[in-house]
Structures are given as structure tokens and as C-alpha cells.
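Note that the structure is a prediction, hence the values are computed from the model and not measured. Order of the sequence lines sets the chain letters (A, B, ...), proteins ahead of strands, with each chain counted from 1.
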Amino acid sequence: MAQAALTIDGLSVDFEGFKAVNGVSMIVEDGELRVLLGANGAGKTTLMDLISGKTRSTGGRVFLHDTDITNWEEHRIARAGIGRKFQIPSVFKELTVRRNLEVASCTSPSVFANLGFGFPAKAKVDEVLELIGLTDEANRVAAYLSHGQTQWLELGLLLTQDPKIILLDEPTAGMTQAETHKTSLIVNNLKGRHTIIVVEHDMAFVREIAERITVLHLGQVLAEGSVSEIETDPKVKQAYLGSKGIT
Amino acid sequence: MLSRRRIDWVIYAAFIVLIMVFPLIMDSFWLNRLAKYLVFGMLGIAVALSWGYAGILNLGQGLFFGAGAYMLAMSLKLASTTSLQQGSDKPVPDFMLWNAEPGAKTELCCINKASFLWLPFQSQWFGVAMALVLPVLIAFVLGSIVFRKRISGVFVSIITLALVLLVRLIMIDAQPVTNGFNGLTDLGWFKLGEFEFDPYVVPTYYLIAISLSVVLVLARLLVETRAGVILQAIRDDQNRARYLGFDVPAYQTFFFAVSALIAGFAGMLYVIVSEFASPTFMDLSFSITMVVWAAVGGRASILGACIGAILINMISATVSETEGFAEAWKAIIGLVFVLVVLYLPRGIAGLAHDLIDRFVARRTPDRTRALRVNGASSQLAE
Ligand SMILES: Nc1ncnc2c1ncn2[C@@H]1O[C@H](COP(=O)(O)OP(=O)(O)OP(=O)(O)O)[C@@H](O)[C@H]1O
Ligand SMILES: [Mg+2]
């Protein structure tokens, strides 16, 4: 049986009485691609905040393989092997595309270890540039990239960082159909090499990439299963019914 | 190939050669003035490093400058001949006697309650060491607290501003040990072995010019290291850097301290050429003036900020000698600052870089330009 890469056990957070995430448990296996689904405000982003250390949990535990990483500082969680893409794309705007990736390629976190010159991982950076389709833009300043390109660059940062687990929060938000398709190609390319957790609303995109889906509702796990199981699950239908349903 | 980086280094070299040949064409009066402006150039570098590269707008850089200045000035005060003529065989600053309680012993140890603090400064090298260590120490402690607490942007500016004003008040208040408002004057000369650095001789100018050149090159190299690049990444997006695994406060504190070190070093050199240290170094207006120099020269450029400081001071010295123009000059500087912020956010250096880029683009065959167009059209095709 495959090993658990990420184990979440009864994870909760209490925002002054409001439980945005309330006793969520799930196990994501090594190399798996897990999609998180849920209506607006279901707690998807908050769950990622809890895993990546942005928000401190008030209950439950998070394990990366066998290491308990609950409430570690963000950069330590990142060094332990969890990478994250934000809902609002964030890259280093005043640096060139290549420089962005070089920063991500830096394997040593300490200031003093980085007082040398040159980034050694040139081959890796070139490979990632190719993969995210920004080779021609390598020397452009990131501020001048289009919205889609910025999203890909941020994906590229993660690829260069090469974490065991990648958390993606709405990687196709604001993208055109063509851009969304290209993103799904990039994400599919990562499958197997990384363990991936994706939050996504776009069902077309989800069908292109998904294996297993976890549905969150009001901070709790509502259902878990394959794409077809989820699409026919009456509980999920009900939770979505008031709004638009899964389309 | 003619890369922009290589052109940059050529300009650095040209600048260094230029400041080295000044003594050939200037009299000792102007040389002394220029030495002071070179010291201000060093302050420009300190501001560029923290503001331009780390994104930390320190409005209290004068604190570090002042700390460096006072530390060396204490040693030089004890080395001055007047301190040896106060009726003791060991040096005692004259102002301490003026304010001494009747019957107090004319000794550094006990002429007043805090005068013992001066004891180790009888060694000039202790003063030099403290001029470098104290600013770094203050910056390290301040940075560790502020950056670990994730305070950023304008709040850091306000904290640094409040701190420099606070320290200025304390310095004025601690009159018995600091000589208050009047500061430390009538100082001895800085000594290197047997050689004494008279502020109006050529070797003193070279002491400053060489120090500036070294700081300039080291600062530029520092921002080109991996740590320097990561620092710029942190400036652009702290969170992104954090989730890539970088200990953000460690980087900010380190570069904040380096900036303080440069400012402290500048303060120390300033005392050597100006022969005084005063609480005016910690005036708010002085710290803000430094920011203006860096903004005009180009805060994102080490050399730009340095040249900005030197140029503004040279021009203002020339202009204020013209009768009736001195006051108008202050208004003009203010206006220039506003215009630069509005229309030249990257300062003189930004303007120069744009010109160089255009020049390089014309020199290199159309390949790169073609590539860009291709990139654009393939984007359109998608
Ligand atoms: N720091 C906070 N303090 C208080 N409430 C918060 C905080 N962060 C999130 N919330 C609340 O928690 C709930 C879950 O938010 P979250 O951002 O996780 O939803 P989401 O599932 O990502 O939604 P969306 O699809 O809109 O991105 C929301 O009601 C939100 O208002
Ligand atoms: Mg969200």
C-alpha cells in the first residue's frame, strides 16, 4: 500500500467562536493528486493556511510523513517539504522571471550560507522555464507578465522549490479557457512526482486532473471519493443545490 | 558582449578614479569639504541598501551615524591637548570640569556619576571598534524585535523615527557625559601609528575616498550575492519568500545591520574630517535629508544613491555661497525631491540605466528584439 504523505487529524481553527475548519481529517497518499471542493467560505483556503503554517490551529495535528509539523513556523514547514501557491498570484515583481526561479532554487535557507555568488541549479531552472512555457520571457521583469503567465510563474517557483507536497489554491482563477487548459497540462505533468492538493471551482479543470476529491462544507469534510462518486453523491448535491450545483 | 552589468562596473571604476584624482585639482579647503560629501555618499549607500534593496525605509539612519560619530569622538576628545591640560596627568574632557560638583576629583573615573563610561575610550581603537559595533548591535536588537514581529512598511519608519528622536533627547539630557547641545568639539586628530590625520591634508582625503570606494564595491557585491537577491525577493513579496522556506526576519535583520554598520562607519569618518560630533546628527531633518539624497540619486542603485548625496551637497555648497540664494535653495531641493518622486521614481540612476539599455539595444544585433516580438506574437496566437 502507498504511504501517507500528509496526514491531517481532527484539524480545527477557531476564529473567536467561528470554526472555519472544524475537525477535518484526511490522508493524502504519496504521489496522489487530491482535489478540494466546496462552496465559497467552506474553509478550503483556511485548511491550506493551517497546513502551511499561515494560521495556527487550535486543535488537531498535521503530519508530513512521520513528522508532526503542527503549528511550525512557515519557513520551517516549507523546508520540511510543503510548497504553496496562493489564491492571489504572488511572485517577485521587480525581479526577472529567471531570477524568480533562481531564488526558488536556493536550497539553503540561511543568510550566511547564501553570501556566495551564482545559483547552481541552472539546468533545473531552464527545465522549469520550458515546462511553464516562459523560456522566451526569461529575462523579462515579472511585473510585465500577463495574469496567466504570472500564475504559471508562481507554479514554476513551486516546481523549482521541488517540495514533496504542493498546495494549489485555485490555480486557474481568472484564466481564459486556453490558459486553464495549459495549466491542467502543467499540473498533470507534476502528477506522480509530487503529492498535490488542489482547490478548484472549475469543474472542467477538475475533470481534467482529478483522481480523488474531498468535499468541504462549513468547515467539515462532507464527502470523499472519485469524480463520479462525488458527482452523484446526494449529500454533495444537497449542499450545492441552493447555489448552482456542481456543473 | 556589452552587458549592462559590465557597463555598471565600468561606471563604478570611473567614479572611483574620479574621486581619486580630485586632490590634483582642488585646494585643501575644498578637499576637506569634498571629503565630507564623500562621507554623505556613504550614507547614501546605507539608505539605498535598506530602502532600495530591503524595502525598509529607515527614517532614523541618523541614529547609526550619530552612534558611530560619538564613539570615535569620545576617543578623539580624550586625545585632544585640552583634555590633557585639566590638571590631571590623565586626560579629562574640559566640559566635565566646567560642570563638576565642587570638590569632585579631576579624574575620568569619578568626576561625575557616569564619567567612568569614558575610561576605555582612552584607547582610540576602542572608540573605532565601538563606532562599528554599537550601530550593528542597536540594529540587530531593533531588527530582531521589529522583523520577528512582522512589522513592516510605514510602521518601521515610524519606529525608527521615534527612536532617533528619543536618543537625541537622551544625548542632550545627559549633559555631564555628552556635553548636551554643544556636542563634542575641540577634538584631537585620528592617528594611524605615528601619522596624524589633519582634516585639511591630502592623506585624510584619501582615507575617506578609499574607505568610500571599498564600501561602494563591497555593498554592490553584497547585493549581487544569493542573499542579496533573496533580500530583493523578500522586498517584493515577503510571504512568497517565507513559503519558499526563507527565514525572512533573519535576512531583514542582517541587511538592516549592514546598513547600520555603513552608517556608523560614515559617522566615524565624518568626525575625523569635521572635528566634532553633535546631537544635530540625530535631528530628524538630517535623517530625512539622507532619504532625499538616495531618492534623487536612485534608491535602487548603490552608486546612484551615493552620487545623489555627493552631487546635492556639492551643488548646495556652491549655490549657498551666492548671496541671497541660500534660503531659496532649500525650497529648490524640496521641489526637486517632489518632482523626482513623481516623475523619476528610480532617480538619476534609473534615468542612466534607461539610456544605457537603449544604447545596448542599439549595439546588439536585432536578435533579442526579434525574440521579444516572437514572444509577444506567440502569446497572441494562443
Ligand atoms: N482570519 C480569519 N478571521 C476570521 N474569519 C476568517 C479568517 N479567515 C477566514 N475566515 C472565514 O472562514 C471562512 C472560510 O474561509 P476560506 O477562505 O477558507 O473559504 P474558501 O473555502 O477558501 O472560500 P473561497 O472559495 O471563497 O476561496 C469564511 O467564512 C471566512 O470569512
Ligand atoms: Mg479560498
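Of the inter-residue distances, the one linking Ser90(A) atom OG with Gln238(B) atom CD reads 12.0 Å to the nearest 0.5 angstrom.
Proximity to chain A among residues 239-250 of chain B is limited to Asn239(B), Arg240(B), Ala241(B), Arg242(B), Tyr243(B), Leu244(B), Gly245(B), Phe246(B), Asp247(B), Ala250(B), judged by heavy-atom separations below 4.5 angstrom.
Heavy atoms of Ser110(A) lying under 4.5 Å from chain B belong exclusively to its backbone. For chain A, no part of Leu231(B) is nearby; none of its heavy atoms comes within less than 4.5 Å. With a threshold of 4.5 angstrom between heavy atoms, Glu73(A) approaches chain B through side-chain atoms but not through N, CA, C or O. Contact of Ser108(A) with chain B is made through the backbone alone, with heavy-atom distances under 4.5 Å.
Interface check for chain B: of the options Gly83(A), Gly118(A), Ala113(A), Gly53(A), the most heavy-atom pairs under 4.5 Å are formed by Gly118(A). Interface check for chain B: of the options Gly116(A), Cys106(A), Gly133(A), Gly148(A), the most heavy-atom pairs under 4.5 Å are formed by Gly116(A). With respect to chain B, the highest number of heavy-atom pairs below 4.5 Å among Leu95(A), Ile77(A), Ile82(A) belongs to Leu95(A).
Taking the salt bridge (Lys or Arg N to Asp or Glu O under 4.0 Å) definition, one finds that Arg5(B) meets it with Glu224(B), sequence neighbours left out. The salt bridge (Lys or Arg N to Asp or Glu O under 4.0 Å) search around Asp169(A) returns none, not counting sequence neighbours. Residues meeting the salt bridge (Lys or Arg N to Asp or Glu O under 4.0 Å) test with Glu170(A), sequence neighbours left out: none.
Taking all atoms of both residues into account, the shortest heavy-atom contact from Leu115(A) to Ala227(B) is CD2-CB, 4.0 Å. Smallest separation of non-hydrogen atoms from Val91(A) and Asp237(B): O-CB, 3.9 Å.
For CZ of Arg56(A), the number of neighbouring non-hydrogen atoms (other residues, nucleotides, ligands) closer than 6.0 Å is 12 at most. Counting non-hydrogen atoms of other residues, nucleotides and ligands closer than 6.0 Å to CG of Leu355(B) gives a total above 12. More than 12 heavy-atom neighbours from other residues, nucleotides or ligands sit within 6.0 angstrom of CZ on Phe117(A). The 12-atom threshold is exceeded at CZ of Phe63(A), counting heavy atoms of other residues, nucleotides or ligands nearer than 6.0 Å.
Under 4.0 Å is where a charged nitrogen must lie from a carboxylate oxygen, and between Arg235(B) and Glu94(A) at least one such pair does.
Side chains of Val229(B) and Phe92(A) form no contact here, defined as non-hydrogen atoms less than 4.5 Å apart. Residues Asn114(A) and Ile230(B) meet the side-chain proximity criterion, which asks for heavy atoms closer than 4.5 Å.
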